[in-house]
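So you know, we letter chains A, B, ... as the sequences are listed, proteins then strands, and number each from 1.
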Amino acid sequence: MICNCSYAVGALILYNSGMPELPEVETVRTGLSEILPGKRVKKVDHNWEKSFPNALTDVAKFLVDAKVTGVRRRAKVLLIDLSTNYSLVIHLKMTGQLVYRGKDQEFGAGHPSASLIGVLPDKSTRVDLTFTDGSHLFFNDQRKFGWMRLIPTPEVQQLDFFQKVGPEPLSADFTPEDFAKRLQRRAKSGIKAVLLDQTVIAGVGNIYADESLWSAKIHPLAKVQDVPTRQLSDLYKGLRDILTLSIEKGGSSARNYVDAEGKRGSYLDFANVFNRTGQPCNRCGTLIIKTRVAGRGTHICPHCQKAPLE
DNA sequence: CACTTGACCTGTCCGC
DNA sequence: TGCGGACAGGTCAAGT
């Protein structure tokens, strides 16, 4: 096996063009945690105020010259901890990307990332962190919904979001009983809206809501109180299995995702309903349909997931 | 209180 | 070829 190392060094793309949910953010976290710790920030450039609202006041004091000490994730939020006892708190929302590049921005011909993202910064770059070794972390965000903030590390958990956000669905001590109990607090609500509510369960977005509901044969409009406990248990297991599989596959890439080895996030190759409108259900062969639930495009098998009675 | 809608943005795609 | 509109969907705020 010959490794063409001419392009393997110095480029790592942590990129998701689709919709970063828990598995995508976790994949980005894993990649960053292998690269960033120990790097020292030399310079910060930003060109969109809302992408980095408190940059002007705090960057010089607490970001420049700070050393990265670790990278964490909670729900869909990334935390880059710094030696100044501050943390960069980052939400990618829908189109945010964190792209690391070594000092040498050149890519060898044929590197998959070369065709995905060209020279950075580009027109979607909102923040450019330069490290003292000449490498960069680019925060790109086409739609400008994402943001990063510099917050004292001990104050991060005081943020409103972290006070309200629900438990991590993959944590070891999160039981089927916890899951059912939290959902049932919203007994009269449609179950998909509840899954998407970050204060109920952390990290679930549109893709994994649709996939997990299909796995448990639950219609997204079903009221929680009408779903038998056994099916809530199926949903718990389905959701955990799906999130775990997606993390293994490097997340979902609506278009492309590559990491240091040029691997794409391939979870959508395994998806049963998401983006499969008009294709046969993998369980019963009925064609998958797309509707609108809780304001989102929603994919269901109309045979497996029976609509609730009015 | 529960639920829906609008705002935040830009790029893409579809119909005319 | 261009133009208007729908759509993509995470989260918060405002409205019903």
Side-chain angles (χ1 to χ4, degrees), chain A residues 15-26 28 46-53 73-78 89-98 116-118 121-127 139-149 159-166 168-169 182-213 220-226 243 246 251-257 265 267-268 271 273-278 289-300 308 310:
Chain A
Y15 171 67
N16 192 285
S17 63
M19 35 222 100
E21 303 181 30
L22 189 155
E24 292 73 34
V25 179
E26 178 61 20
V28 172
H46 49 95
N47 68 357
W48 184 252
E49 205 264 335
K50 292 176 183 174
S51 294
F52 201 165
R73 177 191 63 78
R74 176 76 168 98
K76 301 172 189 171
V77 177
L78 273 169
V89 183
I90 304 170
H91 202 306
L92 301 174
K93 294 289 180 84
M94 271 95 68
T95 56
Q97 313 166 347
L98 285 169
L116 290 176
I117 308 176
D122 66 17
K123 66 178 173 180
S124 75
T125 301
R126 307 298 162 210
V127 183
F139 174 38
N140 295 340
D141 188 16
Q142 180 184 101
R143 288 173 66 181
K144 301 178 176 175
F145 287 2
W147 46 261
M148 57 197 284
R149 284 162 196 278
L159 293 174
D160 203 42
F161 176 85
F162 289 99
Q163 289 292 303
K164 290 182 184 166
V165 72
E168 288 291 324
R182 294 188 72 87
L183 290 189
Q184 283 162 349
R185 286 187 209 168
R186 299 275 304 277
K188 290 181 168 31
S189 301
I191 194 162
K192 177 166 178 176
V194 178
L195 281 176
L196 292 173
D197 186 336
Q198 299 299 294
T199 69
V200 178
I201 308 290
V204 181
N206 206 36
I207 295 175
Y208 303 105
D210 280 5
E211 291 295 311
S212 60
L213 288 168
L221 283 173
K223 290 181 179 177
V224 172
Q225 65 186 6
D226 296 333
L243 292 175
S246 185
S252 298
S253 302
R255 294 176 207 142
N256 280 301
Y257 166 92
Y267 173 74
L268 285 187
V273 285
F274 195 85
N275 257 3
R276 292 196 65 238
T277 309
I289 61 170
K290 184 171 182 180
T291 64
R292 211 155 179 86
V293 174
R296 314 288 174 80
T298 297
H299 311 77
I300 62 171
E310 285 303 318

Within this structure, what is the [atom1]-to-[atom2] distance between [X] and [N], rounded to whole angstrom?
X: A/D122; N: B/dT10; atom1: CG; atom2: P; result: 14 Å
X: A/L196; N: C/dT11; atom1: CG; atom2: C1'; result: 11 Å
X: A/L159; N: C/dT11; atom1: CG; atom2: C1'; result: 15 Å
X: A/K76; N: C/dC12; atom1: NZ; atom2: P; result: 10 Å
X: A/L22; N: C/dG9; atom1: CG; atom2: P; result: 18 Å
X: A/M94; N: B/dG11; atom1: CE; atom2: P; result: 14 Å
X: A/D197; N: C/dA13; atom1: CG; atom2: P; result: 14 Å
X: A/R149; N: C/dT11; atom1: CZ; atom2: P; result: 14 Å

Rounded distance (nearest 0.5 Å) linking atom OG1 of A/T298 with atom NZ of A/K290: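 Rounded to the nearest 0.5 Å, the OG1-NZ separation comes to 8.5 Å.
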Reported CG-to-CD1 distance for the pair A/D210 and A/I300, which is rounded to 0.5 angstrom: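 Those atoms lie 9.0 Å apart.
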Taking B/dG11, B/dC8, C/dG9 as options, the one with an atom nearest any side-chain atom of A/K50 is B/dC8
In whole Å, measure the gap between the P atoms of B/dC9 and C/dC3 for me.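 The answer is 24 Å between these two P atoms.
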If you compare every side-chain N and O of [X] against the phosphate oxygens of [N] (OP1, OP2), does one of them come in below 4.0 Å?
X: A/Q198; N: C/dG10; value: no
X: A/K290; N: C/dC7; value: no
X: A/K164; N: C/dT11; value: no
X: A/H91; N: C/dG10; value: no
X: A/K144; N: B/dT10; value: yes

Using ring centroids (six-membered ring only for Trp), state whether A/F274 and A/Y267 fall under 6.0 Å.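 No - the distance between ring centres of A/Y267 and A/F274 does not fall below the 6.0 Å cut-off.
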Using the six-membered base ring of B/dC8, report whether A/F145 stacks on it, requiring centroids under 5.5 Å and planes under 30° apart.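 Aromatic stack with B/dC8 present for A/F145.
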salt_bridge(A/E24, A/K76) N-O dist < 4.0 Å: no
Spell out yes or no: do the side chain of A/R143 and the base of C/dA8 have one donor N/O and one acceptor N/O closer than 3.5 Å?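 When only heavy-atom distances are counted, A/R143 does reach the base of C/dA8 through a donor-acceptor pair under 3.5 Å.
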What's [X] touching, base or sugar-phosphate or nothing? Going by heavy atoms closer than 4.0 Å.
X: A/W48; answer: sugar-phosphate
X: A/R292; answer: sugar-phosphate
X: A/K123; answer: sugar-phosphate

Verdict with supporting geometry, A/R182 and A/V194, side chain to side chain contact (heavy atoms under 4.5 Å, CB included): CA-CA 9 Å; A/R182 294 188 72 87; A/V194 178; over 6 Å; no
Quick one: stems for DNA chain B, with Watson-Crick or G-U pairs under 3.5 Å, at least three in a row?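 The stems are B:2-8 with C:10-16, B:10-16 with C:2-8.
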Partners meeting side-chain hydrogen bond (donor to acceptor under 3.5 Å, both in side chains) with A/T199 (sequence neighbours left out):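 Residues passing side-chain hydrogen bond (donor to acceptor under 3.5 Å, both in side chains) with A/T199: A/D197.
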For the residue pair A/R126 and A/K144, establish whether any side-chain heavy-atom pair is separated by less than 4.5 Å. yes
Taking the inter-plane angle between the rings of A/H91 and A/W147 on a 0 to 90° scale, is it parallel (under 30°), tilted (30 to 60°) or perpendicular (over 60°)?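 It falls in the tilted class, 30° to 60°.
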